[in-house]
Amino acid sequence: MTETASGIRTRFAPSPTGFLHIGGARTTLFNWLFARRHKGVFVLRIEDTDEARSTAESVDAILESIRWLGCDWDEGPLDAESDRGPFSPYYQMKRLEHYDKYLRQLLEEGKAYRCYCSKEELDAMRRLAQLEKRPPRYDGRCRLLTERQGRDLEASGRKPSLRFRMPEEGATLVPDLIRGEVSFENRLQQDFVIRKTTGGPTYNFACVVDDHLMRISHVIRGDEHLPNTPSQLQLYRALGWQPPLFAHLSMIMGPDGGKLSKRHGATSVLEYKQQGFLPQALRNYLALLGWSTTDSQQLFSPEELIERFDLAGCQKNPATFDPVKLAWMNGEYIRKTPVPELVRQAEPFLKTAGLASAEGPALERTVALEQEKYKRLADIPGLIEFFYKPVEYTPKAMDKVLRTTGTKETLGGLAERLSRLSPFEEKALESEIRGFCAERGLKAGQVFHPLRAAVTGRTEGPTLFLMLEVMGREMVVSRLRKTIDALG
RNA sequence: GGCGCGUUCGUCUAGCGGCCCAGGACGCUGCCCUCUCAAGGCAGAGAUCACGGGUUCAAAUCCCGUACGCGCCA
C-alpha cells in the first residue's frame, strides 16, 4: 500500500481514444503537482470502457506523453497491458467484477432499476420534450415496472439498461475547491444509466467505483465534468461512501474562443516534443494556464513549481492557449540549459538534419554560438548548418553585402592575412582584422559584414571573431577564396 | 431548450471594500548596448475592470438583473 502520511491521492484517468492533448496534459500536471506538493500519491487509471474507440496504441501514446512531461505516476499502468499498484488492475475493462458487484447491490437495494426503453423510444421521448419545450430528460417510466412485466419484456427480446434512481426533491450541493459550492436541483436531474444494455458500466458509474476503491482523495479534472458531479455525488451517497474532494479546472480555449483544436496548431503533447519543446518549459507554461501566484511570477524551477502550486491559485475562467508565449518560455529554458546537455537533447533534430555526425567543428562549439536564438530544439540545425554544408548565399548577402565596390579586394586581403595568422583565435583574429581595417582606411562595418557574408552566406549569424575561431583557418580561408571566385 | 460555469490590457494574469484614474508577464513600438541577428537593459503605447442597477462615506472587489461566451444533457 502506497499510503503516505498526507493520505492525499490524486489521479488522472484518460480514455485511450487518441493522443494526450494539451488540456489533458494540464489536468495531468495539476494532479501531479498537487500530489507531489502534499507528499501524496499520483495514480494513473485507464478508462477504456468505450471498447469501440479504445486502442492499445492510444494507451502507449498517452503513457509516453506523460512520461515525457515528467509527471511520473506512483500507481497505474506500465504499458498497454500490465500495471503496478495496490489497487491493480488500473484498466477499467479489467475491473468489471467490481462494477458488477455494486451494480447488483444498488439493484437489490432498490436504488437502481431496469429500464427496457429502446433507443427509438428514448429518441421519441426526447423529440416530444423538445417540441413541448421541456428539458429532454428521461421521464422515469420504467421505475414502476413489476418483475413480471420485466420478464415479459425480456422474453420479447429486450435488453435492459440499469438506471440510478435520483432523488426527486431537494438539491445536490457540489463543494468545489476552486468554485465554492455549486447547487443542482434534483428534480431537474434524470435517472441516469449506470449500466448499458451491453452490460458495461457507464463512465459516471465506473468512475465513482474506482475513485472510491482506489481511495482517491482529490478529484481534479476539467470543468466539463462539473455537471456530472451531482449524479456522482448521489451515487456515493447511495453506496454509503465518503466522496472525494472535487476541484474543477477551467478549460483551455483556442485563439478564436472555441475549443482548442487542430486548426489552432499542435494539440498533441507528442507534437510539442517533436517540435523541440522542453518538457520543463511546457510544464511551466501549462501551469500558468489557469494557475498563478499573487506575485505573478512567470518562471519556476521544477522544485519551485511543486512548492508553490496550490488549488487556491487556480482560475475559474477559461484560458486561451498562446503558442507565442510558450515559445518565449521555451527559449528561456533553452538558454538556461548547459551546452553539453542541450546538444544531447537536440540530437534527434541534428540527426534528422544530417548534422549529427557531419564533418566540421564540434557541435558543442557551434551550438553554443547561437544558444540565445533557439526557441525550439528544431531551430538548431537551421542556425548552425552553414558550419557543415557548402555555403549558399542568400540574395541579401549576395546583392546587398558582397556585390559592393571594393569588397572583392577586401576579401582577398583578408584571405591573405588570415592564411598566415597564428594562433587562429578570437583575440588574435579581432586585432588582426581591426588592424587590417586601419591599414586600408576601412570602417569596421565595411569589413565585418562582407567577411560574415562570405564565410556563412548570410547577413546574420554568431559573433564574428569567435565564429571564425570555431570554423578554423582552413574553412575560413577556403570560403573566402570561393566567394572571391563567385564574385568573378 | 433546460441546467451549470465564466466575463480585468490582443493573450496569460495580480487584485479578494479604501494602498488601483488598476500591478506583472508574453507580444508590440522606441531608445541603449553592439560586428549582424539575437539576448540583455531602459522607456512607451495598451484595460471607461462586459453592460445596467443597487448597497456603502468609499466597489474591479458585495448584491440583483441583462448581454455575451463556454460546458453538460441530448
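Values in this document were obtained by computation on a predicted structure and should not be read as measured data.
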Answer yes if the ring centres of [X] and [Y] are under 6.0 angstrom apart, and no otherwise.
X        : Y        : result
A:His225 : A:Tyr203 : yes
A:Trp328 : A:Tyr285 : no
A:Phe309 : A:Trp291 : yes
A:Phe12  : A:Phe30  : no
A:Tyr236 : A:His212 : no

What is the nucleic acid contact for [X], judged by heavy atoms within less than 4.0 Å: base, sugar-phosphate only, or nothing?
X        : value
A:Thr463 : base
A:Gly290 : sugar-phosphate
A:Leu288 : sugar-phosphate

As a test of reading the structure: which of B:rA14, B:rA25, B:rG6 is closest to the side chain of A:Trp328, going by heavy atoms?
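The nucleotide sitting nearest to the side chain is B:rA25.
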Can you tell which of B:rG6, B:rA39, B:rU36 lies closest to the side chain of A:Arg179?
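Of the options given, the side chain of A:Arg179 lies nearest B:rG6.
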What do the steps show when you test A:Arg11 against A:Asp211 for salt bridge (charged side-chain N to carboxylate O under 4.0 Å, His left out), and what is the final call?
CA-CA 8 Å; A:Arg11 49 69 161 186; A:Asp211 283 339; 2.8 Å; yes
By nearest heavy atom, map A:Gly313 and A:Asn228 onto RNA chain B; which one lands nearer the 5' end?
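Between the two, 5'-proximity favours A:Gly313.
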May I ask you to evaluate whether [X] reaches the phosphate of [N], defined as a side-chain N or O under 4.0 Å from OP1 or OP2?
X        : N      : result
A:Ser292 : B:rA14 : yes
A:Thr320 : B:rC12 : yes
A:Gln189 : B:rC72 : no
A:Arg434 : B:rC35 : yes

For A:Gln371 and B:rG40, what is the distance between atoms CD and P respectively, to the nearest whole Å?
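The distance from CD of A:Gln371 to P of B:rG40 comes to 12 Å, rounded to the nearest Å.
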Regarding A:Thr337 and A:Gln345, do their side chains bring together a donor and an acceptor under 3.5 Å, going by distance alone?
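Short answer, no.
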Dump every N/O contact between nucleotides 41-51 of chain B and the protein below 3.5 Å, one line per pair.
none

